[in-house]
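So you know, we letter chains A, B, ... as the sequences are listed, proteins then strands, and number each from 1.
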There are 2 protein chains.
Amino acid sequence: MDPIGFEHHDHKSCIRTGLTAVDTYCVDHALQFTPVRRRVLEILLQQHRAMGAYDILDFLRAEELGSQPPVVYRALDFLVRHGFAHKIERLNAFIACAHVGHDHTPAFLICRSCDAVAETHTDPAHGILGQTAADNGFVIEQTVVEVLGLCPSCHSEGKE
Amino acid sequence: MDPIGFEHHDHKSCIRTGLTAVDTYCVDHALQFTPVRRRVLEILLQQHRAMGAYDILDFLRAEELGSQPPVVYRALDFLVRHGFAHKIERLNAFIACAHVGHDHTPAFLICRSCDAVAETHTDPAHGILGQTAADNGFVIEQTVVEVLGLCPSCHSEGKE
DNA sequence: TGATAGCTGTTACTTTATAACATATCAACC
DNA sequence: GGTTGATATGTTATAAAGTAACAGCTATCA
């Protein structure tokens, strides 16, 4: 499970693979992967970047697939709830999950210069943080890890 | 540096200590710790919880210390920029720093049941995440770590 | 003494997100 | 086959969070 986001790749196959994985998962788990939900995920996969809910809504509007905020927020809620997409809290934005089907705690590397986002993973239960939580009787359920900095290409261009 | 937030403590002294530490830091670093900025920090210390900007603004309004959003957002920006307060992205809220003066990467334990927030710290540069960033040439500048779950007292009360 | 830099006050606005209710779809069950 | 319940969508309206832009104030200092 390498981080996905900064390197070049076969993007068409990455969209296809992502949708197929979710199709399969939804069939297996009796989830309704409806047209709106599918299209929102497809937009996220196609754009391959963190998108605001209203950015996504613009796409839906253009194709008459729902035009009001609750439509896109509900679809995003479904996708996030089932791990098909993630919310980047720091950006108030959403991104397709790069590791559908793998149980993982996502972590994001966010470039502050070009806004590229790469998904990787982490293991909060171990290390100093997990130890602190355990010592204090705190029960970890979900972990948000978002790293800000400079991606390889912005860094090599000497961006400040 | 123990996590601060869930256990009982001498709260008055904690407010006093926090303000004094920032007073000193600002004198040493030629920062202007103005009345509005001081009062916002004091409110955060007194309330000892994550507060939305508009919650803080309500306090300021009541004492005629500025009544419009930019006033509180600017004060918060100052406090966050210098590490006297932190933003909890997940809650769109702010909290006084519990470790002023110590150079640290804050991490927060957030109870989803009672909204209590405890500040602890982490070390993102080490572990799997730091390794991944290094391997990919990503330069880490800032890290957001927010853990959601159940605090000891909500957990022991059997909250779901 | 006027020029600069930084802080505050205010208006107006943008962006992000949700409550509430009506309508539609579909499968399970009698 | 009609009823019911659960789930999804459509829509209006509004709440909550955050910012741009500009005017005015204060202190410092060349």
Side-chain angles (χ1 to χ4, degrees), chain A residues 22-23 26-27 29-44 49-82 84-95 112 115 144 146, chain B residues 22-23 26-27 29-44 49-82 84-95 112 115 144 146:
Chain A
V22 174
D23 276 330
C26 287
V27 169
H29 294 78
L31 301 175
Q32 300 187 46
F33 198 32
T34 64
V36 180
R37 292 168 175 180
R38 195 171 207 281
R39 184 66 186 120
V40 170
L41 180 60
E42 193 178 26
I43 290 166
L44 285 173
R49 59 188 171 93
M51 298 179 75
Y54 284 75
D55 297 333
I56 298 168
L57 187 55
D58 288 339
F59 280 80
L60 295 182
R61 279 185 172 136
E63 44 199 84
E64 310 203 331
L65 243 175
S67 62
Q68 299 304 325
V71 171
V72 69
Y73 277 104
R74 285 191 290 229
L76 286 167
D77 181 66
F78 171 87
L79 296 174
V80 168
R81 191 149 26 90
H82 295 291
F84 308 144
H86 302 293
K87 179 168 187 185
I88 312 289
E89 296 290 343
R90 179 63 198 234
L91 302 177
N92 293 321
F94 300 84
I95 194 164
R112 68 160 159 80
D115 275 340
V144 173
E146 298 175 2
Chain B
V22 175
D23 276 330
C26 287
V27 168
H29 293 77
L31 300 175
Q32 299 189 47
F33 197 34
T34 63
V36 179
R37 291 169 176 179
R38 193 171 209 283
R39 184 65 187 122
V40 170
L41 180 61
E42 194 179 24
I43 291 165
L44 284 174
R49 59 187 172 95
M51 298 179 76
Y54 284 75
D55 297 335
I56 298 168
L57 187 54
D58 287 341
F59 280 80
L60 295 183
R61 280 188 171 133
E63 41 200 86
E64 311 203 329
L65 241 177
S67 61
Q68 299 304 324
V71 170
V72 70
Y73 277 104
R74 284 189 292 228
L76 287 167
D77 181 65
F78 171 86
L79 297 173
V80 168
R81 191 150 25 90
H82 296 290
F84 307 145
H86 302 292
K87 178 168 188 187
I88 312 289
E89 297 289 341
R90 180 61 198 236
L91 302 177
N92 293 323
F94 300 84
I95 193 163
R112 67 161 161 78
D115 275 339
V144 174
E146 298 175 2

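Atom NE2 of B:His82 and atom C1' of C:dG6 are 12 Å apart (whole Å). At whole-Å resolution of the value, CG in A:Leu31 and C1' in D:dA8 are 13 Å apart. Whole-Å rounding puts the B:Leu76 CG to D:dT19 C1' distance at 14 Å. Atom CG of A:Asp55 and atom P of C:dT16 are 7 Å apart (whole Å). To the nearest angstrom, C1' of D:dA15 lies 15 Å from CG of B:Leu57. C:dC13 atom C1' lies 14 Å from atom OH of B:Tyr73, rounded to whole Å. Taking atom CZ of residue A:Arg90 and atom C1' of nucleotide D:dG18, one finds them 14 Å apart after rounding to whole Å. With rounding to whole Å, B:Asp77 atom CG is found 15 Å from D:dA17 atom C1'.
Close to C:dA17, at under 4.0 Å from its OP1 or OP2, lies a side-chain N or O of A:Asn92. Regarding contacts with the backbone of D:dG18, a side-chain N or O of B:Lys87 is found under 4.0 angstrom from either OP1 or OP2.
The line from CZ of B:Arg49 to CG of B:Leu91 is 11.5 Å long, rounded to the nearest 0.5 Å. To the nearest 0.5 Å, atoms NZ (A:Lys87) and CD1 (A:Ile95) are separated by 14.0 Å. Rounding to the nearest 0.5 Å gives a distance of 13.0 Å between CG of B:Leu76 and NE2 of B:His86. To the nearest 0.5 Å, atom CG of residue B:Leu60 and atom CZ of residue B:Arg39 are 7.5 Å apart. With values rounded to the nearest 0.5 angstrom, B:Leu44 atom CG is found 13.0 Å from B:Phe84 atom CZ. Here the CG-NE2 distance, from A:Leu31 to A:His82, works out to 4.5 Å after rounding to the nearest 0.5 Å.
Between the A:Arg37 side chain and the A:Gln32 main chain, a donor and an acceptor come within less than 3.5 Å of each other. At least one donor-acceptor pair closer than 3.5 Å links the side chain of A:Glu146 to the backbone N or O of A:Glu89. A:Arg61 places a side-chain N or O within donor-acceptor distance of the main-chain N or O of A:Ser67, the cut-off being under 3.5 Å.
In this pair, A:Tyr73 and A:Phe94 present their aromatic rings perpendicular. The plane angle is above 60°, beyond the 30 to 60° band.
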What are the atom names and distances for every N/O pair under 3.5 Å that joins the protein to nucleotides 5-7 of chain D?
residue: D:dT7; atom: O3'; partner: A:Gln32; partner atom: NE2; Å: 3.3

Tabulated below should be each protein N or O lying under 3.5 Å from an N or O of nucleotides 9-12 of chain C; please produce it.
residue: C:dG9; atom: N7; partner: B:Arg74; partner atom: NH2; Å: 2.5
residue: C:dG9; atom: O6; partner: B:Arg74; partner atom: NH1; Å: 3.0

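A pairwise comparison of heavy atoms in B:Leu79 and B:Leu41 identifies CD1-N, 3.9 Å as the closest pair.
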How would you summarise protein contacts on nucleotides 25-30 of chain D per nucleotide, using B for base, S for sugar-phosphate only and - for none, with heavy-atom distances below 4.0 Å? ------
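Atom CD of B:Glu63 is surrounded by more than 12 heavy atoms from other residues, nucleotides or ligands within 6.0 Å.
Base contact: A:Tyr54 has a heavy atom under 4.0 Å from a base atom.
Side-chain atoms of A:Thr34 lie closest to D:dT9 of the nucleotides D:dT9, C:dT8, C:dA17.
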